[in-house]
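Below, chains carry the letters A, B, ... as their sequence lines are ordered, and counting in each starts from 1.
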Amino acid sequence: MTANPNALEHDGQDSNLHDTLKYSLLGPSLTKSGQDSVDQKKVSDIIYDASKGSKFFAHEENRDKLLTVKIERILEKKARLEKLNLTRDQKKADEYVAELELSRDLTQTVVHVDCDAFYAAVEELDRPELKLVPFAVGKGVLTTCNYHARKFGCRSGMAGFVAKKLCPQLIQLPLNFEKYTAKAREVREIISQYDPRFESASIDEAYLNITAYCESNSIRPEEAVEQLRKEVHEKTKVTISAGIAANTKLAKICSNINKPNGQYRLQNDRGAIMTFMDTLPTRKVNGVGRVFERELDAVGVKTCGDIYQYRQYLSKLFGEKAFKFLIQCYLGLGRTDTQPAEEYERKSIGTESTFADLSGHNGLCDKLEKTAQELEKDMVKAQFKGKTLVLKVKLHTYEVLTRQVIPPKAVYLAGDLYKYSLPMLSKLEQEFKGLTLRLMGLRCTHLVTMKKPDPLAFFGYPKVRNSPASSGPASESNESKGEPVETGGSSSSGVWPSEDFEEAAKDEYQEELEELEILSQLEELESQQFNEGKLDSETKPESGGLVKEAAREASSASASVEKGKGQLKRGRHDSGKSRSGLKDDPKQTRLSFN
DNA sequence: ATACATACC
DNA sequence: AACTGGTATGTAT
């Protein structure tokens with residue numbers, strides 16, 4: 001608690017730096033469960049000492065200073081605003097509040113379920129003796145740890161060697177992604193019975209709308225969720241925690257309250273919700289991270305209730321999106337609908353890896369090639385090409401740079417990925433003499449599907465499925481040849497001249513070839529995986545065994561299969577906002593204008 | 001459009 | 001010594 005910068009933000013000038021830095025070094029999951037009884041002061045000192053003097057530390061220190069400067073500027077701006085007449089802004093805020101209030105929907109019951117220390121729980125199933133000792137999953141960095149380990153201050157996201165300082169007897173297991181995805185599937189199968197349209201928020205989290213379930217079974221939400229949790233525990237042997245509330249934002253917060261293996265319901269009652277939000281620290285809201293928390297704290301907003309009294313400043317201080325997000329936090333509003341995985345389309349595919357400091361043209365090119373090969377695998381699995389290619393590097397100083405290009409055609413093959421990213425790398429080498437990297441990554445965005453074309457296209461109904469030029473193999477083929485889709489002219493008419501028909505047939509043929517290519521590569525992948533067995537995923541992440549299934553699920557981002565890469569896969573739009581959950585809730589917005 | 005930053009697990 | 005990886009989305013320019 002002492003390391004919380006909030007208490008020290010305004011007074012002293014210099015000692016703050018270390019406090020905010022220490023707070024930051026505590027890591028992003030500080031607010032998460034299992035840390036209540038831990039002496040955070042002691043923990044932060046140990047982390048601080050362990051990190052001190054490293055390049056990582058220097059970088060963190062630098063970032064911390066930059067944020068401090070940024071916050072100073074925000075405060076200056078606020079001071080200027082205080083001298084102005086902001087009645088217009090206040091009116092605007094009040095109007096927005098009123099508008100949102102009209103749209104408040106308390107008819108729905110939303111549940112957020114979250115598996116407790118999921119990876120650790122799964123590992124304990126195989127090795128029950130682990131229950132008795134502190135252990136973590138993840139070698140270089142902990143992805144999760146059991147509650148024994150948390151008592152020592154260990155947390156997800158923490159460097160392994162730091163965790164060992166806090167808890168020398170800590171056991172670290174390598175990740176075994178296949179095991180986790182298999183178990184996650186078991187859990188999902190059960191929750192799908194309560195809401196077939198449930199939304200996977202990550203491998204171990206989901207949102208359900210149980211309104212219909214409760215209605216048709218004449219059961220109270222609390223009972224339904226008790227039953228769900230019991231069923232999950234009995235059938236899968238993992239425990240889950242749940243939050244029950246009127247919308248996803250509230251449910252998410254509530255699922256943390258009685259973790260582990262508990263649930264909490266916030267009644268669908270406006271007064272109860274307002275009271276709940278009033279004292280809720282901003283950081284508890286999904287979308288408010290360490291940075292935004294500090295910025296808000298600096299201007300006087302510590303809890304969601306505090307938002308109201310500063311409403312006239314927020315838009316100018318943090319931007320329109322943040323303003324809307326914050327007002328919705330104040331009111332405790334959020335989505336009531338869920339987005340099933342099948343209806344979700346991913347927007348980018350990428351891979352990156354960290355390695356020992358690397359410099360020199362040849363070595364870097366080599367690494368780029370490896371990275372390109374990794375990405376090709378993922379692109380093939382997902383059956384996408386990318387119109388934009390992004391190179392990401394992290395210098396040995398931990399500074400991150402990105403560069404992007406739009407190749408003449410959509411790309412997915414390692415050769416192309418390499419060919420078009422190499423110039424970016426070379427330019428960086430010129431820009432930064434003696435370029436030394438600790439990470440390299442490639443990512444494709446503006447994806448286009450490589451799925452089989454609609455057979456109907458052959459019969460002169462080319463544009464059944466998609467909005468113009470967005471996706472669909474026909475347009476994609478055009479792009480592959482570097483021709484703007486619009487110039488095709490064929491598809492819009494609905495009747496194809498023979499010339500265009502030939503063109504289409506050619507495309508079709510090409511698709512077939514690509515299809516074959518994909519299949520053969522899939523075979524390759526599968527046999528590869530078969531041979532890989534369970535390698536330490538730090539160096540060689542294996543993907544979930546069912547490659548073809550992954551390919552089928554492709555764009556659905558079913559929050560499960562595909563990647564053996566990341567630890568916790570995010571596949572959601574709801575929580576991935578940048579500085580906050582600033583994205584307006586689409587439904588809210590729409591409702592409010594109805 | 002590009003680069004960077006923040007956030008989530 | 002040692003501090004992740006994948007995806008999304010915000011702001012600034």
Check whether any side-chain N or O of A/Arg403 sits under 4.0 Å from OP1 or OP2 of B/dC4, and answer yes or no.
-> yes
Answer yes or no: does a side-chain N or O of A/Arg438 lie under 4.0 Å from OP1 or OP2 of C/dA2?
-> no
For A/Asn176, does its backbone N or O pair with a side-chain atom of A/Tyr180 as donor and acceptor, under 3.5 Å?
-> yes
Output yes when at least one side-chain N/O atom of A/Lys252 is less than 4.0 Å from OP1 or OP2 of B/dC9, else no.
-> yes
When you measure from the side chain of A/Phe292, which nucleotide among B/dA7, C/dG5, C/dC3 comes out closest?
-> B/dA7
Rounded to whole angstroms, how far apart are CG on A/Leu142 and P on C/dT4?
-> 11 Å
Residue A/Ile406, side-chain heavy atoms: nucleotide from C/dG5, B/dA1, B/dT6 that is nearest = B/dA1
Nearest-nucleotide check on DNA chain B, A/Val285 vs A/Leu66; residue mapping nearer the 5' end is A/Leu66
Phosphate oxygens OP1/OP2 of C/dA8: is one of them under 4.0 Å from a side-chain N or O of A/Tyr344?
-> yes
Name the residue closer to the 5' end of DNA chain C, choosing between A/Met158 and A/Lys392 according to the nucleotide with the nearest heavy atom.
-> A/Met158
Carboxylate-amine/guanidinium contact A/Glu399 A/Lys394, below 4.0 Å | no
In whole angstrom, give the distance that lies between atom CD of A/Glu374 and atom P of C/dT4.
-> 18 Å
Picking from C/dG5, C/dA2, B/dT6, which would you name as closest to the side chain of A/Val291?
-> B/dT6
How long is the line joining NZ of A/Lys394 and P of B/dA3, in whole Å?
-> 19 Å
Given DNA chain C, 5'-ward residue of the pair A/Phe355 and A/Ser348, judged by closest heavy atom | A/Phe355
Within the structure, does a side-chain N or O atom of A/Thr402 lie under 4.0 Å from either OP1 or OP2 of B/dT2?
-> no
Angle class for the A/Phe292/A/Phe318 ring planes (parallel below 30°, perpendicular above 60°, tilted otherwise)?
-> perpendicular
Could you check A/Leu67 against A/Thr388 and say which one's nearest nucleotide on DNA chain B is further toward the 5' end?
-> A/Thr388
Taking the side chain from A/Ser200 and the backbone from A/Ser202, do they hold a donor-acceptor pair closer than 3.5 Å?
-> no
Write down the distance between NE2 (A/His59) and P (C/dA1), rounded to a whole number of angstrom.
-> 21 Å
If you measure only the distance, is there a donor-acceptor pair under 3.5 Å linking the side chains of A/Glu124 and A/Tyr119?
-> no
Check every strand shown and say whether A/Phe57 touches a base, only sugar-phosphate, or nothing at a heavy-atom separation below 4.0 Å.
-> nothing
Would you say the base of B/dC9 and the side-chain of A/Ser156 have a donor-acceptor pair closer than 3.5 Å?
-> no
Give me the one residue out of A/Glu205, A/His112, A/Gln263 that meets side-chain hydrogen bond (donor to acceptor under 3.5 Å, both in side chains) with A/Ser255.
-> A/His112
Which nucleotide in the list B/dA3, C/dG6, B/dC9 gets nearest to the side chain of A/Gln404?
-> B/dA3
For A/Phe161 and C/dA2, give me the distance from atom CZ to atom P, rounded to whole Å.
-> 7 Å
Distance, rounded to the nearest Å, where A/Tyr398 contributes OH and C/dT4 contributes P | 6 Å
With respect to the side chain of A/Lys347, which nucleotide from C/dA8, C/dT4, B/dA7 is positioned closest?
-> C/dA8
Nearest-angstrom distance from the residue atom CZ of A/Arg294 to C1' of B/dA7 = 17 Å
Tell me which nucleotide among B/dC9, C/dA8, B/dA7 gets nearest to the side chain of A/Ser202.
-> B/dC9
A/Lys321 side chain near C/dT9 phosphate (N/O to OP1/OP2, under 4.0 Å) = no
For residues A/Thr351 and A/Asp378, is any side-chain donor paired with an opposing acceptor at under 3.5 Å?
-> no
For A/Thr144, report the nucleic acid contact type (base, sugar-phosphate, nothing); a contact means any heavy atom under 4.0 Å.
-> nothing
Quick one: is B/dC9 close enough that its OP1 or OP2 comes under 4.0 Å of any side-chain N or O from A/Thr143?
-> no
Remember a base hit wins even if backbone is also touched, and classify A/Glu60 as base, sugar-phosphate or nothing at under 4.0 Å, heavy atoms.
-> nothing
Mind calculating the distance between NZ (A/Lys249) and C1' (B/dA7) to the nearest angstrom?
-> 14 Å
